[in-house]
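Heads up: the structure comes next, in structure tokens.
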Amino acid sequence: MKATQTNPQRLYALVALIPSGQVATYGQLASILGWGPRLVGRHMSHCPEGLPWHRVVNASGDCSIPDGEGRLIQRQRLLAEGVPLTRGGRVNLRLALWSGL
DNA sequence: CGAATGACAATGT
DNA sequence: TACATTGCCATTC
């Protein structure tokens, strides 16, 4: 049964491959999976635990997650991994964007 | 089945 | 840089 191609498992595996100190954008992951950018965000909003979701940011290099604890956690974790953040908690995609490899 | 929604992106102003 | 508009695909009402 083919059900749907929106196999979140593939997205989760990809996110788990993001090396420490680097980040990926939703569009980047979406492009690799061939999905619409909204699909990535949809699955990421319900991602399982143990997944480095904090390494995933939007094309602006900002955290797309809603205001709250997660927002602070993401910023703290990225800094702890050596990801350069600019003022406002924005990520320097120029220096930390995952090449995907 | 149609309209609305969502952790987005690209483009124009 | 910030805001507005349009396109994207699946889920929900």
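Proteins come first, then strands; the chains are lettered A, B, ... in the order of their sequence lines, and each starts at number 1.
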Is there, by distance only and without an angle test, a donor paired with an acceptor across the side chain of Y26(A) and the base of dA7(B) below 3.5 Å?
yes

Whole-Å distance separating the CG atom of L33(A) from the C1' atom of dC8(C):
14 Å

R71(A): partners by salt bridge (charged side-chain N to carboxylate O under 4.0 Å, His left out), with sequence neighbours left out
D62(A), D67(A)

Rounded distance (Å) that lies between atom P of dG7(C) and atom CH2 of W35(A)
23 Å

Any residue in residues 78-91 of chain A with a heavy atom nearer than 4.0 angstrom to DNA chain B? Just list them by number, or reply none.
none

Roughly how far apart are C63(A) SG and I73(A) CD1, rounded to 0.5 Å?
11.5 Å

How close or far is atom P of dA7(B) from atom OH of Y12(A), stated in whole angstroms?
13 Å

Would you mind listing every side-chain hydrogen bond (donor to acceptor under 3.5 Å, both in side chains) that reaches into residues 88-101 of chain A, with sequence neighbours excluded?
none

Would you name the heavy atoms of Y26(A) and S64(A) that are closest together and state the gap between them?
CE1-OG, 3.7 Å

Please report, rounded to the nearest Å, how far the C1' atom of dG6(B) is from the CD1 atom of I65(A).
15 Å

Please report the shortest heavy-atom distance between S60(A) and L93(A), naming the atom on each side.
C-CD1, 4.2 Å

Non-hydrogen atoms of G21(A) and A96(A) that approach each other most closely:
O-CB, 4.0 Å

Can you tell me which residue pairs pass the ring-ring contact (aromatic ring centres under 6.0 Å, His included) test with a partner in residues 38-71 of chain A, sequence neighbours excluded?
W35(A)-H43(A)

Atom pair CD/CG of E49(A) and L51(A) - distance to nearest 0.5 Å
10.5 Å

Could you list, one pair per line, each protein nitrogen or oxygen that sits under 3.5 Å from a nitrogen or oxygen of nucleotides 2-5 of chain B, together with the distance?
none

Shortest non-hydrogen contact from L97(A) toward Q22(A):
O-NE2, 4.1 Å

Note: contacts of residues 57-64 of chain A with DNA chain B (heavy atom, under 4.0 Å) are N58(A), A59(A), S64(A)

Please report the closest heavy-atom contact between A24(A) and I18(A), naming both atoms and the distance.
CB-CD1, 3.7 Å

Value in whole Å for how far the C1' atom of dC9(C) lies from NE2 of H43(A):
9 Å

Here the distance between atom P of dC9(C) and atom CD1 of I32(A), to the nearest Å, is 17 Å

Separation between CZ (R10(A)) and CD1 (I32(A)), nearest 0.5 Å, reads 11.0 Å

Side chain of L39(A) only, please: which of dG7(C), dA10(C), dA7(B) is the nearest?
dA10(C)

